[in-house]
Amino acid sequence: IVVPDKLPTDSLAESLNQTARLMQTAFKANGVEIVVVAESQRDASKPALMLGNTQFAQKNGLDVTKLRDWSFVHRVVGKDVIIAGHDHPSKAPTDNKRRPN
């Protein structure tokens, strides 16, 4: 599982890292050991699950800023799978402390 080297906000980085850990746990529950690495640490000789707005995704024509709302895409490029979405703060105001933007 490969995550971007840098993300625009700390909260987005934390959310993506938690997602990667959940995926890693799901693989482990099915008997597969898989590592989570930053994109710059990726072993390009191995297939990867590219999670988030990686340079690899961008180089393969994916512009997440053009996705509507919080939509996402799955794309297969060779032996690699890209899962990326348009993550951004909500535009709606909220007074609910349990559901902050």
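Position 1 is the first residue of the sequence; numbering continues from there.
Residues passing the side-chain contact (heavy atoms from CB on, under 4.5 Å) test with Thr19 are Met23, Leu51, sequence neighbours excluded.
Identified under the side chain to side chain donor-acceptor pair (under 3.5 Å) test for residues 41-52, with sequence neighbours left out: Arg42-Asp80, Asp43-Ser45. A side chain to side chain donor-acceptor pair (under 3.5 Å) check over residues 51-62, counting only residues at least two apart or in different chains, returns the pairs Asn53-Gln58.
Taking each heavy atom of Glu39 and Phe56 in turn, the nearest pair found is OE2-N, 2.8 Å. Here the closest non-hydrogen pair linking Ala84 and Leu62 is CB-CD2, 3.6 Å. Nearest heavy atoms, Val2 versus Ala38: CG1-C, 4.3 Å. Annotation for Ala57 and Gly52: closest pair CB-O, 4.3 Å, computed over non-hydrogen atoms.
In this structure, Gln24 contributes its side chain and Ile1 its backbone to no donor-acceptor pair below 3.5 Å.
Ile34 and Leu22 are assigned to two separate hydrophobic clusters, defined by single-linkage of ILVMFWY side chains at heavy-atom distances under 4.5 Å.
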